[in-house]
Amino acid sequence: FWFFWKMKPESGFYNVPIVLEITGKIHDVTLNNSLHHLVTKYHLLHTTFGSDHDATLWQEEMSRWNLNLLKEHVQDDRQMRQRLQFYSTQ
């Protein structure tokens, strides 16, 4: 991922936003805990990469991180694509 970022740092193409259409009741705490468990288990999901001014590469596994589950209601596919475009650049 560092390589992609280095080639085009202003791009968010290494960010992969996803949309899940969920119908029915959602237990927010359980869903958030499940996602938290996945990110904790797979170290790549809480690891950052970068380089110093002298082009020294580094990798840092974040010991403290926060996963915020975002829920939005969208009216149609066009609005969903707009929201995905927005979040992919964050």
Side-chain angles (χ1 to χ4, degrees):
F1 291 117
W2 174 87
F3 179 75
F4 294 135
W5 171 77
K6 196 67 173 169
M7 287 177 41
K8 198 167 184 174
E10 73 283 356
S11 173
F13 69 82
Y14 51 88
N15 291 333
V16 184
I18 63 169
V19 172
L20 301 173
E21 181 177 354
I22 302 173
T23 57
K25 286 187 166 185
I26 297 295
H27 191 263
D28 293 344
V29 173
T30 302
L31 180 57
N32 198 54
N33 288 344
S34 298
L35 292 172
H36 184 84
H37 176 75
L38 284 172
V39 173
T40 300
K41 182 176 180 177
Y42 296 102
H43 298 272
L44 182 62
L45 297 176
H46 59 267
T47 299
T48 59
F49 302 89
S51 65
D52 296 334
H53 64 286
D54 62 354
T56 301
L57 305 178
W58 51 266
Q59 173 182 338
E60 180 180 4
E61 186 176 323
M62 295 180 286
S63 59
R64 305 195 95 195
W65 52 272
N66 189 23
L67 177 66
N68 293 314
L69 182 61
L70 175 66
K71 297 188 312 182
E72 285 194 28
H73 178 76
V74 294
Q75 300 297 323
D76 53 31
D77 287 346
R78 181 187 61 76
Q79 187 181 23
M80 180 183 64
R81 284 190 296 276
Q82 288 175 338
R83 300 310 296 157
L84 281 172
Q85 178 78 30
F86 172 78
Y87 289 118
S88 69
T89 61
Q90 300 302 301

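Quick caveat: nothing in here was measured; it's all calculated off a predicted structure. This chain uses plain numbering: 1 for the first residue, then up along the sequence.
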Please collect all salt bridge (charged side-chain N to carboxylate O under 4.0 Å, His left out) contacts where either partner lies in residues 57-67, sequence neighbours excluded, each pair once. none
Could you pull out the closest heavy-atom pair between Val74 and Met80, with the gap in Å? CG2-CB, 4.0 Å
The complete set of salt bridge (charged side-chain N to carboxylate O under 4.0 Å, His left out) pairs with one or both residues in residues 29-44, sequence neighbours excluded, reads none
As a test of understanding, state which of Leu31, Asn33, Asn32 forms a side-chain contact (heavy atoms from CB on, under 4.5 Å) with Val29. Asn33
Taking only residues at least two apart or on different chains, which pairs with a member in residues 65-77 satisfy salt bridge (charged side-chain N to carboxylate O under 4.0 Å, His left out)? Asp28-Lys71, Glu72-Arg83
Say you draw a straight line from OG1 of Thr40 to NE2 of His37; how long is it, rounded to the nearest 0.5 Å? 7.5 Å
With His36 via ring pair (Phe, Tyr, Trp, His ring centres under 6.0 Å) - residues at least two apart: Trp65
Mind checking side chain to side chain donor-acceptor pair (under 3.5 Å) for His27 and listing every partner two or more places apart, or none if nothing turns up? Thr30
Does Gln82 have any side chain to side chain donor-acceptor pair (under 3.5 Å) partners at least two apart in sequence or in another chain, and if so, which? Arg78
Which heavy atom of Gln75 sits nearest a heavy atom of His73, and at what distance? NE2-CD2, 3.5 Å
Using the test ring pair (Phe, Tyr, Trp, His ring centres under 6.0 Å), find all partners of His43 that sit at least two apart in sequence or belong to another chain. His46
